Amino acid sequence: NKTALTELVYALHCNRAINNGNSDIKEIAESIEETFNCDLGNFYKTFTEIKARKNSRTKFLDDLSTGLLSHMDNTDE
C-alpha cells in the first residue's frame with residue numbers, strides 16, 4: 001500500500017541507498033511509483049501521518065526485517 005511504500009521511500013532516502021545518496025526524495029518516490037505502477041499521492045502528507053503513529057512508526061520496515069530474519073532462521077535448519 002502507499003503508506004508502506006512511503007516508508008520505503010524515506011528509508012532509502014535517509015540511508016542514502018540510491019545513487020550514492022544523490023537522489024532527492026521526489027526522484028525516489030517517482031521511481032517507486034513507476035516500478036510498482038502505483039500513485040503514492042501526497043507522500044509528504046503520508047510521511048507526516050507515519051510520524052504521528054502511536055506504536056511502531058516503521059511498521060512496514062519492521063515487518064520486512066522480521067520476515068527476512070525468520071526466513072534466514074528457517075533456511076539454516
Side-chain angles (χ1 to χ4, degrees):
N1 66 34
K2 76 176 188 173
T3 303
L5 290 176
T6 299
E7 273 187 49
L8 182 60
V9 166
Y10 273 86
L12 292 170
H13 181 261
C14 292
N15 287 285
R16 304 175 57 84
I18 305 294
N19 193 22
N20 295 315
N22 294 316
S23 293
D24 66 27
I25 194 87
K26 186 171 174 133
E27 289 175 316
I28 297 170
E30 289 170 350
S31 294
I32 292 288
E33 288 176 324
E34 185 176 324
T35 300
F36 292 103
N37 192 30
C38 66
D39 179 12
L40 294 178
N42 185 346
F43 60 91
Y44 300 110
K45 180 179 183 279
T46 303
F47 182 67
T48 300
E49 293 167 358
I50 290 169
K51 290 190 328 180
R53 288 178 181 163
K54 296 289 182 198
N55 294 324
S56 175
R57 293 179 3 171
T58 57
K59 181 179 177 355
F60 177 67
L61 298 174
D62 295 343
D63 289 347
L64 282 179
S65 179
T66 299
L68 179 57
L69 290 170
S70 177
H71 176 72
M72 289 175 173
D73 291 343
N74 291 335
T75 57
D76 283 345
E77 296 173 358

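Every value quoted in this text rests on a predicted model; they were computed, and no experiment measured them.
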Chemist: Using the ring-ring contact (aromatic ring centres under 6.0 Å, His included) rule, collect all pairs that involve residues 18-45, keeping only residues at least two apart or in two chains.
Modeler: none
Chemist: Hey, does the side chain of S65 reach the backbone of D62 with a donor-acceptor pair shorter than 3.5 angstrom?
Modeler: no
Chemist: Between the main-chain N or O of E27 and the side-chain N or O of S31, is there a donor-acceptor pair closer than 3.5 Å?
Modeler: yes
Chemist: In the single-linkage hydrophobic clustering (I, L, V, M, F, W, Y; side-chain heavy atoms under 4.5 Å), do I50 and L64 co-cluster?
Modeler: no
Chemist: Could you measure the distance from the CG atom of L40 to the CD1 atom of I28? Nearest 0.5 Å is fine.
Modeler: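 One finds 12.0 Å between CG of L40 and CD1 of I28.
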Chemist: Could you pull out the closest heavy-atom pair between H13 and D24, with the gap in Å?
Modeler: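 Looks like CD2-C, 3.8 Å.
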Chemist: Using only atom types and a distance under 3.5 Å, with no angle test, would you say the side chain of N20 pairs donor to acceptor with the backbone of N22?
Modeler: no
Chemist: According to side-chain contact (heavy atoms from CB on, under 4.5 Å), who are the partners of D63, at least two apart in sequence or on a separate chain?
Modeler: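 Counting only residues at least two positions away or on another chain, D63 forms a side-chain contact (heavy atoms from CB on, under 4.5 Å) with K59.
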Chemist: Give the table of side-chain donor-acceptor pairs shorter than 3.5 Å for residues 1-10, with sequence neighbours excluded, one pair per line with atom names and distance.
Modeler:
from : atom 1 : to  : atom 2 : distance (Å)
N1   : OD1    : T3  : N      : 3.1
N1   : OD1    : A4  : N      : 2.7
T6   : OG1    : K2  : O      : 2.7
E7   : OE1    : F60 : N      : 3.1
E7   : OE1    : L61 : N      : 3.1
E7   : OE2    : R53 : NH1    : 2.8
E7   : OE2    : R53 : NH2    : 3.2
E7   : OE2    : F60 : N      : 3.2

Chemist: With a cut-off of 6.0 Å (strictly less than), are more than 12 heavy atoms of other residues, nucleotides or ligands near CD of E34?
Modeler: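 It does not: E34 CD has 12 such atoms or fewer within range.
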